[in-house]
Structure formats: C-alpha cells, structure tokens
Trainee: 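The structure's right below; bear with me while I get my questions together.
For ligands, and for the atoms within them, numbers begin at 1 and follow the listed sequence. In this text the structure is predicted, and so the values were computed from the model without any measurement.
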Amino acid sequence: MVGNQPVIPGFHPDPSVCRVGDDYYLACSSFEYFPGIPLFHSRDLLHWTQIGNALDRPGQLRLPPDTLSSGGLYAPTLRHHDGRFWLIVTNVSTDGNLIVTATDPAGPWSDPVLLPDVHGIDPDLAWDDDGTCWCTVAGVRQYRIDPTTGETLGPARAVWSGSPGAQAPEAPHLHRVGDHWYLLIAEGGTERGHSVAIARGPAPDGPFEPCPDNPVLTHRGTHHPIQNTGHADLVQAPDGTWWMVFLGVRPGGGTPGWHVLGRETFLAPVTWADGWPVVGEPVSGPHPTDGQRDDFDDAALAPQWISPRERPAAHCTTGERPGWLTLHARGTSLDAPDAVFTGRRQQHLTCRARTLIDPAQGRGGLAVRLDEQHHYAVEAGPGEVRVRARVGSLDPVVATHPVPPGPLVLRVDITPTKPLDSRTGPDTLTLGVEEPDGTFTELASLDGRYLSTEVAGGFTGRVLGMYAAEGTVHFDWFAYEPLE
Ligand code: 6LW
C-alpha cells in the first residue's frame, strides 16, 4: 500500500539490506550510541524486528569520551557471502573502516578486522565470481581488498563521481543484476537535496555509464511528506521482484519544516525498464501500534536500549535492586559527553513516555535527548521535580514543583502541531508528573523545533530515556506508547 509510514521508524538511517532464502536482514547507522549498528530481521520487508546490534561489546566498538555526537559509527553495508554475514562500517571517531562477520546475524559478531588503508566513509563490499572482493567508498572510489585480513590489494581507483555538479557522491552499493554491475549511490547531500543515482558497467570495477534518468529517486522540491530521500540499497525478493530501502525524513510544522525523529528507513518497489531501475512510490510500513514497556526484571537489557559512548551495562544495572534499573551518576549532567543516560529511539510522531523513579538517593529523570546541547528533561530530586530545557548554550530551568518523598511517575507527551502559520513548530512536548492519585500535573509545554535536526544539526534523532545527574537513581519501569 502506498503511504508515508516508514518500515523502520525513528532514527534508523543509512539502511543496508540483504536476503538469505526467505529472510531479510537490515543494518542501520548508530553514531555515538552504544551498542552500535542495530540489526533487523523481516520476512516481508514491511515488518522488521530488531534481533541485536552488530557491535555490542567494548572490544568491537571504541567510542571514547571525546567522541562527538553524530561521530562514531556511520553507514554500514550488510552482505551474505560464502555462508557468512559480513558487515563493513566506518568508526569515524577511532578505528576507521572495519569488518565484522557472523554466521547468525543475531550474533555473536566477530572482533573487528581493521582496514587502515581504506580511506573514505560508506564502505561497500561486493564479490566477483572469482572471489575478488571489492570495497567501494564515498567519492566514489574503489579498492580490491582481502576482507579476512583487511589488506588492500592495490591503490584506490576513482570509478564515478556521480551526476555533474551534484555534491557528496556517497553511499555506494554494488549489485550484479543479469549481465550488468550496478553502482547505486546517493548524492546532493543528506538534506532536502538528497537523491539516489545509478550507473552500470560490465564488471564490478566498471567502466560505469550513468543512467540517463538520474536521479532514480528524489523528493526534492516536492510537497511529498517524506523528504531528504536517499542513501538506498537494493534487494530482490524470492518471487523475483526488486525493492529499494532508503532513508527519508518526515518534517513537520511551518517553514523550513523540522524533522524530529532523525532519518528513518522507508521501502519502495523497483521495476526495470531498458535495464535501468524505476523506483515506485513508497510502500507504507505497518501502522504503528507497538509500544515498549520494560519492568527491568531481566538481568540483560533489551537490544533497543542505547547509551551515548558507553554500553548501558557500564552504568546501569538491574542487579543492585532487583526489578529496578539502577543508574549511578558520574557527577555530570546530560550536558556532558559522559552523561549517564540510557534510552530508546522515539519512533512515533505522537507518543508518550513514562517512568517510575525513586530519587531518594540522588537526582535524575526522564529525558528527550538529541545531543548534549539539545534535550528536555523532567528531573526528580528529593522533594522537588523540575523541568530543564537545554537549547544550545541556553539552559533555563523552566519549572519547579514540590513533590512528597518517595517514588513518582514522570511523563512526557509528544504531539504534532497543526501549522497555524509559517512559523509553527513541528510538535509540542509536554512534561510533568503523575500525582499519586494518577492525575497528570503539567509543568511545561515546549516547542519541539529545538529538538530537531534542522536546529541541532547532525545525523541522529530523538532518544527517550532515563538518566542520573547526581548520586544513585532507581527506575522501576519505563513505558513508551505510540498515541497515533
Ligand atoms: C552517511 C552518508 C549519509 O555516511 O550521511 O545520508 C552520513 N547519507 O552516506 C551519515 O549518515
């Protein structure tokens, strides 16, 4: 069904997809968050379930405290070859390009093999019939490599620079279809000018001839509710049909339009004409009904929980107070790179998050995080709840409210705004507390534009979660529900 719903909503950009038999697997970027590179499984390309994260232990992923927000792990490529899954990705903050492999994509994944001589982001892997492995990077340049050792087997060669005048030829993916090798790229930058172009050649190293109808996908300059479409990958279904996964955003509000969920993964059908792909209208993902409630009864945290720069287990435990998640502050707030925060992506335009916090031994709360400089939070300490709104260098405490001692429920409601004029923001975030009798006391209602990519910059999206700012804070449960 044609529609505007992503197949993987929320901050899940740069999708790379492959199929093994009847099963599809897909990987996305994760930037400064640990664990890195979420992996999804599907049987129909529409319904995706997260099965793990490719880089989920410190030996695989180094994100030191000076890792910038929107640094870390950029776009991966996921392929199946010779009985194994191969994932290549760039850690722009530390290790550069690296490869991990697994027989089961749910893990465990191997320790990384580094590729110190492969320079460039968005690495792709493709194998020729004779076993030659090609690694193609943004630019677009190509290396012959030994993927088991990470060695390059010759210098980089420029293979295509994309359409004349277009900025940022990137996100290459090489696919063989029939007698041709197709080189799919993104160009125009990952903002409103984003697009997908393709070229083809007789061999994986070209020479490549551009498609006369490039771009094969772009929504630039249109009223389409999905914008910034680009960074795509291709996959063939068992019935022979072809599909494209790509990233896009859903801007809201007046002008220039603010997108708040980051770049999401969408799906569109592909047909072929004269040996070139023709991309159809996006197919709607399932209507979102799934929420998430976590009672923290299990020792291990679900794979959706992420923390900036360090694995959640480094500062969150369910062992200390059984049935609760305990967070130990490191003496800094959400504004610092070493913030103690664990959260999950906001995946719906309209949603609610609630958590039951016990702040008797410290101060912490419920936050909507875009980065260190852009977050809203409702924070509880002994006897008081306050709302903080950090926007750039401004950090007003927006509201304070006395509360009785003991655990209490913090809540944020997120609702899209109906544009009243050209300046209306994309959504409203209402933060407050639920009183012991269940009634909601609203403490602040804030414009969501300040937690958008258009304001904050970068490549990520909102993450909703719990944090500790001082001492030790316990959370009995966290509930996230879409209200659409
Ligand atoms: C990614 C590049 C891009 O490496 O943005 O949209 C960069 N595409 O291909 C970060 O996601």
Trainee: The criterion is ring-ring contact (aromatic ring centres under 6.0 Å, His included); which residues satisfy it with H180, sequence neighbours excluded?
Mentor: Y182
Trainee: Rounded at 0.5 Å granularity, tell me how far CZ in F478 sits from CG in L366.
Mentor: 6.0 Å
Trainee: What pairs with H119 under side chain to side chain donor-acceptor pair (under 3.5 Å), at least two apart in sequence or on another chain?
Mentor: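 Expected list: none.
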Trainee: What class does the angle between the rings of F40 and H12 fall in, given that below 30° is parallel, 30 to 60° is tilted and above 60° is perpendicular?
Mentor: perpendicular
Trainee: Looking at D447 and R449, does any basic side-chain N land under 4.0 Å from a carboxylate oxygen?
Mentor: yes
Trainee: Output, or 'none' if empty, a list of ligand 1-protein atom pairs in which both atoms are N or O and the distance is under 3.5 Å, rounded to 0.1 Å.
Mentor:
| residue | atom | partner | partner atom | Å |
| --- | --- | --- | --- | --- |
| ligand 1 | 4 (O) | D122 | OD1 | 2.5 |
| ligand 1 | 5 (O) | R263 | NH1 | 3.2 |
| ligand 1 | 6 (O) | T190 | OG1 | 2.7 |
| ligand 1 | 6 (O) | R263 | NH1 | 3.1 |
| ligand 1 | 8 (N) | E170 | OE2 | 3.3 |
| ligand 1 | 8 (N) | H231 | ND1 | 3.2 |
| ligand 1 | 9 (O) | D122 | OD1 | 3.3 |
| ligand 1 | 9 (O) | D122 | OD2 | 2.4 |
| ligand 1 | 9 (O) | H231 | ND1 | 2.9 |
| ligand 1 | 11 (O) | D14 | OD1 | 3.4 |
| ligand 1 | 11 (O) | D14 | OD2 | 2.5 |
| ligand 1 | 11 (O) | R263 | NH1 | 3.4 |
| ligand 1 | 11 (O) | R263 | NH2 | 2.7 |

Trainee: Under the ring-ring contact (aromatic ring centres under 6.0 Å, His included) test, which residues partner F208, sequence neighbours left out?
Mentor: none
